[in-house]
Structure formats: structure tokens, C-alpha cells
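All residue numbers in this chain count up from 1 along the given sequence. Being a predicted model, the structure only gives us computed values, none of them experimental.
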Amino acid sequence: MTSAAANEAPLWQPDPERIAAAAVTRFQSWAAERYGAPAEGGYPALHRWSVDELDTFWRAVADWFDVRFSTPSETAIGDRTMPGAQWFPGATLNYAEHALRAGEDPLHAGAPALLHVDETHAQAAVSWSELRRQVGSLAAELRALGVRPGDRVSGYLPNIPQSVVALLATAAVGGVWTSCAPDFGARSVLDRFQQVEPVVLFTVDGYRYGGKEHDRTETVAELRRELPTLRAVVHIPLLGTPAPEGTLAWSALTSADTEPVFEQVPFDHPLWVLYSSGTTGLPKAIVQSQGGILLEHLKQLGLHCDLGPADRFFWYTSTGWMMWNFLVSGLLTGTTVVLYDGSPGYPDVSAQWRVAEQTGATLYGTSAAYVMACRKAGIHPGRDFDLSRIQCVATTGSPLPPDGFRWLHDEVAEDLWIASVSGGTDVCSCFAGAVPTLPVHIGELQAPCLGTDLQSWDPAGKPLIGEVGELVVTNPLPSMPIHFWNDPDGSRYRDSYFEMYPGVWRHGDWITLTDRGSVIIHGRSDSTLNRQGVRMGSADIYEAVERLPEIRESLVIGLEEPDGGYWMPLFVHLADGAALDDDLRDRIKQTIRANLSPRHVPDEIIEVPGIPHTLTGKRIEVPVKRLLQGTELAKAVNPGSIDNLELLHFYEDLARTRR
């Protein structure tokens, strides 16, 4: 990023009234009076203080959000060594107590805590008082089943209110929650749940997606057979199937009028287990803490996303993705959380915009891929739907291309805060993204997040500005994993993040920090293209190529060859009716050359029947690279982590042909 680029006009600029009203502005003034934060200098000064004075900043966050410590701590951070930083030593609290706190207010108890929408667009509300009652009832029943602090409780569930109740009841008793979406097959679920040995399984009989019912009774039967640690299975009859023998009925466990009892647990007590995509082996079982998630999500949702009781928070997600956990944490700020259970494109590509209109969403989150699909389909959300309540559209999953920024601005609203955010399952949060008081520049994330000492490093560990480098975080975050499950000596955890730069978190993304403080994400560094010593992000190529209407999706791989050569093929999945002829090949090359550089032009352009993804929708670059290097399929990829395993046979055959 050159200094000339820093003079480009922003796509969006918050007006003075919006800046003054933002929670982060009020937090800064308050923290200046009580904790010595800078009163002037806006967000950049606040961010600098938040990383320079890490202990003070996190104590201020806990104070600002009135975190209830049943046992307080003198300091926010003890040992700050990574991995293994010690947060709020000696403190005790409960995440679920904070998530349900808004329901204690009689004036707020009848307001909706959850709004649930399915593909029929029927809408059901769960009030704060009803959510508290159900959690109280279920938590008491879990205790009666013998669930104790530290026991794992699993959910094979879609994005429905029952999933939220089960998570919060588990947290209330000090259990450890873990979930998979019901579109995961039995092997994928077992690869995850068998690692953590759950004692309770919540499950549906099936789910509805794309206008069809998908029966899951056989899969559930297999899970029960293969999870010997289960003491109870709770049946939720989403499709009306009778309860299998030996299961408990959801309705019976949630019918009592019981005030929730919240187990007070240490700050670093495990809250849930999330999983990496698991494309090259068993998924990593990532454990995050009650206190760490509570503090990190209060900061992200309350300050960065600017959410409060007047808001409605909708993010399109499934229970198999960290964004579902992040969405549920919207409750921490008293926000109404919108749960959509269905296909993102049913009955048409406008489905998510229809949900946003119907529920009055004020912050709507989706994937960059969905935004680009809407653009390609030529829809007009701002014209066809009443989206007047939306203050912010946020995107994640992959970098939002510049054309995505322009499309949202042109087709949703000109006065729209567009927040492209980037983080990871590993921290269940964002490293960089939304800041309500900063301008939005096309193709850029607004800034690093508070308390996040985000830097771009070269291989020698030298910080870079305006150049592509490794995304590193040089100070701990509260939501960094407390450990991986079944990693007794911590070696797998250390190897995942701290091998390249000991004591510094390396995330595995290529980024540029611009001279105006914004962030550009270029793609994964472990699948980075490196031609003649020039490093290139795959996301840059996808953004350029997929502007062409003939290209549905693409995948680029850089392959180091034994003779010292380098082969960089581009695989393209064509739109219906398109043909990969010489004219289209030339236009693809010209598009890449004009938008990026001659170095980015692939050696070959190859038509494929489809692009393989993880179950959470990310293109799988590294396993395809391994296949092309000759690794056999069983060793190159975990079959249970892929959305369409058949697609990988194409790349396997291609590798064989090349050899």
C-alpha cells in the first residue's frame, strides 16, 4: 500500500453524530477518566493504548461491561507468555449468567431474546424470560443426569433456539459444549465428538434445507453406537419422528419453571470445544475458556460491532462454524439474536436479504462468497427489500473483494457501514475488522481490533508496513485456546501457532498493514503462491477471475517441482452454458494481468467439475496441492471434512497423468 493510496477517498465515512453515539467513543472517554486511556486521537490512540497497557485495558473492559466476578482478581493478566498466558488469576464467574442477564430486568424480560426463521419464513420469538426459564429447567435436568463441571455435552443440531438453550444450560452447570451441524455425516461428527467423549448428546431427527427434509435417524443411531461415553441422548423431533428407544424428550427437560443456577467456575474453565476444518487429519479440538470468551466477545460485540439492547443481530451460519458461537454471544450485549435455519439460496439467492428485512436486522453478517453470488446474480436488495434498519453489513469466511464493497454500497445503501472482518476458529473472534468510528476503504479491513497487537512480519520477524507479510499477534488475547483436547504436552498447540516465531502467534494468513492503519488480507500463507520469490495471495486471483460472468468459482495452486520449476494451474468451475475456449482463456489471462501482474497469470487454465470445500465452505487449497504432488488421497485429506469428496478424484487423476 503506497502513501498515494492513503489519499484515496473512503467509500464510507461515519458522520459526527454516529461517531459520538458509538459505544467505543463513550468507552474511550470513560476509560480516559478512570484508567488513563488517551482522551484524544480517536480509535488509533485507543488501540495503541490497548496493546501497550494490556492489563489496564482488559480491566477497563471488564469494568465497562460490569462483568460479575463472584471472586475478583487483582490483575487482568498474570503470566503473559504465549502459549499459556494467565488471565484474571483467581477470578470466578459464569458465561451463561452474563448471556441471560438482560432477562433479569422486568422491563426487558418480555422482549425477544431470540428470533427464529426457517425456510418457510415463519418467524418465532423466544422472550428473555422464556429463555431464562428453559435454560434453568434444562440446567437442573443436566445436573440430575450427573453432568458435572468439565463434562462434555454435545449437540448434533441446526441453528434453532433449542441449540442456544442447550449451550447456555451446559455453560450454566460448568459443562463443556461442542456442536456439529446435522449436514455433517456420521464420520465427520465422530472425528470430532469421539475426541472429547461427551456424556450427553442433543440431537434432531432431521432438518430442512433447500426445500427438502433430510432424515438423520440412521446417523443418530450410528452416533449412539460409536459414542460409548454417552449417558443420555435428548431427542428434538424437528421432523416429527417418534423418539427412539432410550432417549429423553426435549419438551420434558425444558418444561419446569426453574430459575437458572450458575456454577461459578475459574476464569480459565473450559466453555466449549471448536474444531479446525480437519482437511489433512483429525480436526484440532480447540478449547476456549468461559472468562476468555466472555471478555473477548463483550469487546467485539459491544465495542466493535456496536451492539446493544435496541439491536437485532443476524449472521448466516450453522452450528458447525465458530460464527454460530459468536452469534449466540450477541446475547451478552442484550441484543436480539436472529437464528436462520435454512439454505442461504432458497428459494432464491435473495433469501438472506429477505430474512434481514423480515427480522429488522440492524447488523447483518454473511460470507464474502454470498455477497459475490448476489452480485453475479444481478439482484437489487436495497430496491426490492426494506433494509432501512440495517446499519452494518459484515462479511467473513474469505476476504471481501473490492467489487463486493462496491456492490454493497451501490445495491444495499450508500450510507452503509461495510465491515469485512478476519479472525479464526482458533480464537473464535476477529483480529481485524469492524470499527464504527473509522472510514471504510474499498478492499480493506478498517483496523486491528482493540487489545490485538496485530503485525505483519517478514520471515526474520521484522515488522512490515505496506508490504505483504505473515499475520502475527505479539500479545495474548483472552480467547486464545487454553489447550487442544488430547494434546497433553501441548506440542500440537505450539506447532500450530508458535513454531515459526517462538512466543508469537502466527496465524497462517498473508496480510498487509497499510500506512493508514487498515488491513488487507491476501489469503492463507500455507497455500501462498511464490513465483520467482514474489509472494502472492490466492484471494487476489479469485477476486479478479470471478468477476468474469463465465466463472462460477476458481482454485489456484502453486506447485514446487523436483527440477526446481514452478507450476501454477488455475482450475475454473464454469457457469452453466459457458465453454472454456481460447477466447475465455485469453480473457482470464488478460483480466489477471491487468488487475494484478504478469506474474499472477497461471501456467494452465483447466476446467473442473467443481471446486472442493471444507464443510464450513472454505476452498481447500493445501490438500489439492498435496494431491498434485502425488500424495495419495487418504493421506492428503480427511475425507469426512470435504463437502464433495468425488471432486477430489479429478485432481488425483490429473496428478497421475502429469507423472
Side-chain angles (χ1 to χ4, degrees), residues 151-171 175-209 214-230 232-236 238-239 247 250 270-279 281-288 315-328 339-343 397 425-426 428 484-486 613-618 638-645:
D151 285 348
R152 278 75 63 206
V153 175
S154 55
Y156 186 53
L157 301 169
N159 187 12
I160 54 177
Q162 293 93 325
S163 304
V164 178
V165 173
L167 184 161
L168 294 178
T170 299
V176 185
W177 175 255
T178 190
S179 62
C180 285
D183 56 347
F184 283 30
R187 187 67 261 156
S188 299
V189 179
L190 292 170
D191 281 348
R192 290 156 172 79
F193 288 177
Q194 281 179 333
Q195 294 189 63
V196 300
E197 300 178 310
V199 298
V200 177
L201 172 66
F202 290 91
T203 179
V204 288
D205 53 351
Y207 64 99
R208 297 179 179 89
Y209 188 92
H214 301 265
D215 184 276
R216 276 295 181 253
T217 52
E218 288 302 315
T219 305
V220 171
E222 185 174 349
L223 298 183
R224 294 177 69 186
R225 287 194 301 271
E226 299 295 329
L227 293 170
T229 53
L230 290 178
V233 176
V234 181
H235 175 75
I236 301 170
L238 212 60
L239 303 184
T247 62
W250 171 268
L271 171 63
W272 55 47
V273 179
L274 302 176
Y275 302 95
S276 66
S277 53
T279 50
L282 273 184
K284 293 177 292 197
I286 299 165
V287 187
Q288 289 150 349
W315 204 296
Y316 180 79
T317 182
S318 80
T319 59
W321 188 25
M322 58 141 287
M323 290 309 303
W324 182 78
N325 303 65
F326 189 79
L327 174 66
V328 173
L339 310 173
Y340 175 55
D341 172 31
S343 164
T425 300
D426 324 73
C428 197
F484 290 171
W485 211 269
N486 289 333
H613 302 86
T614 67
L615 292 174
T616 53
K618 295 183 179 179
N638 175 1
S641 70
I642 306 303
D643 62 352
N644 186 345
L645 192 64

Can you pull the salt bridge (charged side-chain N to carboxylate O under 4.0 Å, His left out) pairs that have at least one residue in residues 152-167, sequence neighbours excluded?
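Every pair satisfying salt bridge (charged side-chain N to carboxylate O under 4.0 Å, His left out) with a residue in residues 152-167: there are none.
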Could you tell me which non-hydrogen atom of [X] sits nearest to which non-hydrogen atom of [Y], and how far apart they are?
X	Y	value
D341	R208	OD1-O, 4.4 Å
F484	V287	C-CG2, 4.3 Å
L274	M322	CD1-CB, 4.0 Å
L239	G206	CD1-CA, 3.6 Å
L223	L230	O-CD1, 4.5 Å

Among W272, Y275, W485, which residue satisfies the side-chain hydrogen bond (donor to acceptor under 3.5 Å, both in side chains) criterion with T178?
Y275
Are the side chain of [X] and the backbone N or O of [Y] linked by a donor-acceptor pair below 3.5 Å?
X	Y	result
Y156	C180	no
S163	P158	yes
D205	T217	no
S179	T319	yes

Walk me through it: do V189 and T219 pass the test side-chain contact (heavy atoms from CB on, under 4.5 Å)?
CA-CA 10 Å; V189 179; T219 305; 5.6 Å; no
Can you tell me how far [atom2] of [Y] sits from [atom1] of [X], rounded to the nearest 0.5 angstrom?
X	Y	atom1	atom2	answer
W315	L327	CH2	CG	9.5 Å
R225	L190	CZ	CG	10.0 Å
D426	Q288	CG	CD	8.0 Å

Measure up the F202 and W177 rings against each other and bin them: parallel (under 30°), tilted (30 to 60°), perpendicular (over 60°).
tilted
Quick one: sort the Y209 and H214 rings into parallel, tilted or perpendicular, breaks at 30° and 60°.
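Judged by the thresholds at 30° and 60°, the geometry between Y209 and H214 is perpendicular.
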Got a list of side-chain donor-acceptor pairs under 3.5 Å for residues 194-201, not counting sequence neighbours?
unit_1	atom_1	unit_2	atom_2	d
Q194	OE1	R187	NH2	3.2
Q194	NE2	E226	O	3.1
Q195	NE2	D191	O	2.9
Q195	NE2	P283	O	2.9

Between L157 and W324, is the side-chain contact (heavy atoms from CB on, under 4.5 Å) condition met? List the steps.
CA-CA 12 Å; L157 301 169; W324 182 78; over 6 Å; no
Hey, mind stepping through V220 and V204 against side-chain contact (heavy atoms from CB on, under 4.5 Å) and telling me if it holds?
CA-CA 8 Å; V220 171; V204 288; over 6 Å; no
Before you tell me yes or no, could you show the steps for V176 and T170 under side-chain contact (heavy atoms from CB on, under 4.5 Å), namely the whole-Å CA-CA distance, both residues' side-chain angles and the distance that decides it to 0.1 Å?
CA-CA 7 Å; V176 185; T170 299; 5.7 Å; no
